[in-house]
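Shown next, in structure tokens, is the structure this report addresses.
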Amino acid sequence: MKREIIRLENVAKAFGKLTVLDEIDLTIYENEFITLLGPSGCGKTTMLRIIGGFEQPDSGRVIFDGKDITNLPPNKRPVNTVFQKYSLFSHMNVEENIAFGLKISGMDEGFIRSKINYALKLVNLEGYEKNDVTKLSGGQQQRIAIARAIVNEPKVLLLDEPLSALDLKLRRNMRSELVRINRETGITFVFVTHDQEEALSMSDRIVIMNQGYIQQIGTPEQVYNEPENAFVADFIGDSNIIDGIMVRDKLVRIFGREHACEDTGFPPECPVDVQIRPEDIILGEPTEDSFNGVVKKVVFWGMSYDIIVEADGFDWLVQSTHGREVGEKVSVTFDPYNIQIMSKPQSEDEEAVRDV
Amino acid sequence: MFKSAGVKTLFMTPFCLWAGIFIFVPLLCMIWYGLTNDDEIFTPANLTLAFEPPYFKALLLSIGLALVSTIICLLLAYPLCLILTDKARDLSTAVSLLFILPLWMNSLLLTMAWQTILEKNGIINQVLRYFNLPDVALINTPTAIIIGMVYNFLPYMVLPLYVSLSKIDKRIIEAARDLGASYMQTFWKVILPLSLPGAAGGMTMVFIPALTTFVISALLGGGKLLLIGNVIEQEFIAGYNWHWGAGLSMVLMIFILINMAVTIFFDNSHEEVEEK
């Protein structure tokens, strides 16, 4: 059984008239790597700043290890933050930066020394003690920022888009570095990003947010394979999202055609969103009872082709290792287990969440 | 930036001419006067004059008052600029206007206003009398001169300090707080060192005019307290001894150069490197 470390209860926050977080409830467990994922303006950074103590929620509580810390200032909280643009102290060298928190809490020289050594080893920057932080590369600065935070042995490390300022190659490296540090230290990581690839590849759990609401919480596989609504389906990976009607259990009607699926529990004739991943679609020869269309566009990505097929007035996105010719007549087929049925938004709020 | 060296030279010419005629030549004249006597013979007497009473007394008083004023300006400017740069309370426009406004008024006028406030039958003493309190002697004291200097020169401290403080990324302050520093610890360990270039610049901009002023000391010191600026003014205007005046000015310049050297030292050692 996982042990709870942070719990947000009914947390709401508005800046002026703009609601950034609307009654958020979230439980974060010990040692996990949890990612807050969403487009810019979805409230993920505000949520992180509320946990860090840099913003006060308008209502609701932040519980840490059973204690209410809603009104504690950042310096009294047992969490540390790695900021987006590193925010290193430019007037201090590497070891002074790392020692900052330990000196504040009055640790002795020997302890600080051993901690600096440990942290620099952890982030693979041994021998950089005396370096000027402003002369380090972006990736090195980011690793110093991580070292500076973890030497204080926080229970939870908050990471605010820490990789977004790095170039692609470095970002990929840092992803596995962060996961390794999370496993080695046992510190809970709360990671904020707008990059779904980052979220999928690093997290134990992903919290998908949009317009101040949590859309779905789940493992990377869950949010990818079983998105709960059209926003999640669209935001995580590529998706074909089609309006459909649930005829009865395991039968859905799309574009006037009935198709088998595996979902159950919807009322008869219920309008639903139907999601099919582009990689799950098979293109074939047109037949009597298939969705038939014409290839409109083909883009080669190296590993695969993105093929747009227009059928029934809908542009299907198909990913395939085989290219097609523009203008070619094809059929669009997919297996029942690759169809994901999602409820349509019920309330206006949910609708707002969906219209992005 | 420019394609050819010729264009560069062309653009440089007006400035070089200006600098030559209005800076370099007068400086040479001053040095000539400062190092010679009436018979046009070279002598260090005009320089050593500064170390004879009463000139030395005036020099020491000037340095003392200028230092005190600079420190008071610094102490006033820090909290003010910290409030100005705190975006949470958006006071910046109102407060900065309030402190920059005096810059738009003639400094002589400002100092004369202080004269009427501080004088024997001035506003302060009238208020004290209304409450049956004893008078205070303010006019013609070092305190009056310091008040005048601080009032006149505070904006010159506020502006560079404000610029320096507003360049500090808010996230750096948050990082310090995040790592456990209280607000005061954050100030001493992060904000102060990062704003030292601004503070040093402001100190120069206050110290130099405070050291050389003769208007403020003439109006608020009542001719009783002579600052080095007043002495130099007298040598040039009343005493007609340009050699002595120029010599004293050169000594004053040495102190200004020392001050600037200190500023440059701080500027280089704590320069904040901008993040990309």
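Letters A, B, ... mirror the listed sequences (proteins, then strands); counts begin at 1.
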Side chains of [X] and [Y]: does their closest heavy-atom pair fall under 4.5 Å?
| X | Y | value |
| --- | --- | --- |
| B/V190 | A/F100 | yes |
| B/L179 | A/I104 | no |
| B/R171 | A/Q84 | no |
| A/P73 | B/R177 | yes |
| A/N75 | B/Q185 | no |

Just wondering, are more than 12 heavy atoms of other shown residues or ligands nearer than 6.0 Å to [atom1] in [X]?
| X | atom1 | answer |
| --- | --- | --- |
| A/E184 | CD | yes |
| A/Y128 | OH | no |
| B/M105 | CE | yes |
| A/F111 | CZ | yes |
| A/F54 | CZ | yes |
| A/F15 | CZ | yes |

*Sort A/N80 into side chain, backbone, both or neither according to what part of it lies under 4.5 angstrom from a heavy atom of chain B.*
both
*Quick one: which of A/S105, A/P74, A/A145, A/A149 has the most heavy-atom pairs under 4.5 Å with chain B, could you say?*
A/P74
*Indicate the atoms forming the closest heavy-atom contact of B/D169 with A/S87, along with that distance.*
OD2-OG, 4.4 Å
*State, to 0.1 Å, how close A/H91 and B/K189 come at their nearest heavy-atom pair, and which atoms those are.*
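A/H91 and B/K189 have their closest heavy atoms at NE2-O, 2.8 Å.
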_Before you tell me yes or no, could you show the steps for B/D178 and A/R77 under salt bridge (Lys or Arg N to Asp or Glu O under 4.0 Å), namely the whole-Å CA-CA distance, both residues' side-chain angles and the distance that decides it to 0.1 Å?_
CA-CA 8 Å; B/D178 184 73; A/R77 296 191 181 204; over 6 Å; no
